[in-house]
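Written below as structure tokens is the structure these notes are about.
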Amino acid sequence: MKQHILPARRIIGRELMEWILFREYLDPSADMDCVAGRLGVPREDVSELLWIYTGERFLTIRKRLRIGDAKELLLTHPDMPMSQVARAVGFQDKSDFRRAFREEMGVLPRHWRESGGKHLKCRIRAIREAGRNRCHALRRSG
């Protein structure tokens, strides 16, 4: 890590937490340059600190925050059109939102909404059960 950002770690961390707390990630223009400009540090420093503390890139963190808000909106506002949900959580268009949601959650936003947020839990339970069955079968045959 560059020496000049070591003393600023705490300040950058606090600013990033405020960025999350005040939900500034919902702004469609919220990108790494915007965050670095707000902090007054080079974007590489922000990127490096995020990687050190989270093991993830800025875009991944921003996507997860947005999807988390989308999950809540989908369940609390069942009549809200998908395009409106997408815009409300910072996605420019519905197709980007659908793709990001599916990558993150394993299901389309529509299925998440229709299942009341339980679709994924059922899927995970089925995957775990299949894994257990395979393990038991291997033990018996071995």
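Along the sequence shown, residues carry numbers from 1. Hydrogens, waters and symmetry mates are skipped; everything else that's a heavy atom, side chains included, is used.
- Scanning for side chain to side chain contact (heavy atoms under 4.5 Å, CB included) contacts around Asp79 gives an empty result, with sequence neighbours left out.
- Within the structure, ring pair (Phe, Tyr, Trp, His ring centres under 6.0 Å) contacts touching residues 67-96 (residues at least two apart or in different chains) are Phe91-Phe97.
- Among residues two or more places apart in sequence or in another chain, the side chain to side chain donor-acceptor pair (under 3.5 Å) test is passed with Glu24 by Arg38.
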Donor-acceptor contacts under 3.5 Å from residues 60-70 side chains, at least two apart:
residue: Arg62; atom: NH1; partner: Ala30; partner atom: O; Å: 2.5
residue: Lys63; atom: NZ; partner: Glu103; partner atom: OE1; Å: 3.2
residue: Arg64; atom: NE; partner: Glu104; partner atom: OE1; Å: 3.3
residue: Arg64; atom: NE; partner: Glu104; partner atom: OE2; Å: 2.9
residue: Arg64; atom: NH1; partner: Glu56; partner atom: OE1; Å: 3.3
residue: Arg64; atom: NH1; partner: Glu56; partner atom: OE2; Å: 2.1
residue: Arg64; atom: NH2; partner: Glu56; partner atom: OE2; Å: 3.4
residue: Arg66; atom: NE; partner: Tyr25; partner atom: O; Å: 2.8
residue: Arg66; atom: NE; partner: Val89; partner atom: O; Å: 3.4
residue: Arg66; atom: NH1; partner: Gly90; partner atom: O; Å: 3.1
residue: Arg66; atom: NH2; partner: Tyr25; partner atom: O; Å: 3.0
residue: Arg66; atom: NH2; partner: Asp27; partner atom: O; Å: 3.0
residue: Asp69; atom: OD1; partner: Arg23; partner atom: NH2; Å: 3.4
residue: Asp69; atom: OD1; partner: Tyr25; partner atom: OH; Å: 3.3
residue: Asp69; atom: OD2; partner: Arg23; partner atom: NE; Å: 3.4
residue: Asp69; atom: OD2; partner: Arg23; partner atom: NH2; Å: 2.8
residue: Asp69; atom: OD2; partner: Tyr25; partner atom: OH; Å: 2.9

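- Taking the six-membered ring where tryptophan is involved, the planes of Phe101 and Trp112 are perpendicular, since the angle between them exceeds 60° and thus also 30°.
- Once rounded to the nearest 0.5 Å, the distance linking OG of Ser115 with CG of Leu75 reads 7.5 Å.
- Here Arg43 pairs with Asp33 under the salt bridge (charged side-chain N to carboxylate O under 4.0 Å, His left out) rule; sequence neighbours left out.
- Rounded to the nearest 0.5 angstrom, Leu49 CG and Phe58 CZ are separated by 13.5 Å.
- Under the rule for a side chain to side chain contact (heavy atoms under 4.5 Å, CB included), Pro78 has no partner lying at least two apart in sequence or in another chain.
- Every residue meeting the side chain to side chain donor-acceptor pair (under 3.5 Å) condition with Asp96, not counting sequence neighbours, appears here in chain and number order: Arg99.
- Ser95 is linked by a side chain to side chain donor-acceptor pair (under 3.5 Å) to Asp93, counting only residues two or more places apart in sequence or in another chain.
- Taking Ser83 as the reference, Pro81, Arg87, Lys94 meet the side chain to side chain contact (heavy atoms under 4.5 Å, CB included) condition, with sequence neighbours excluded.
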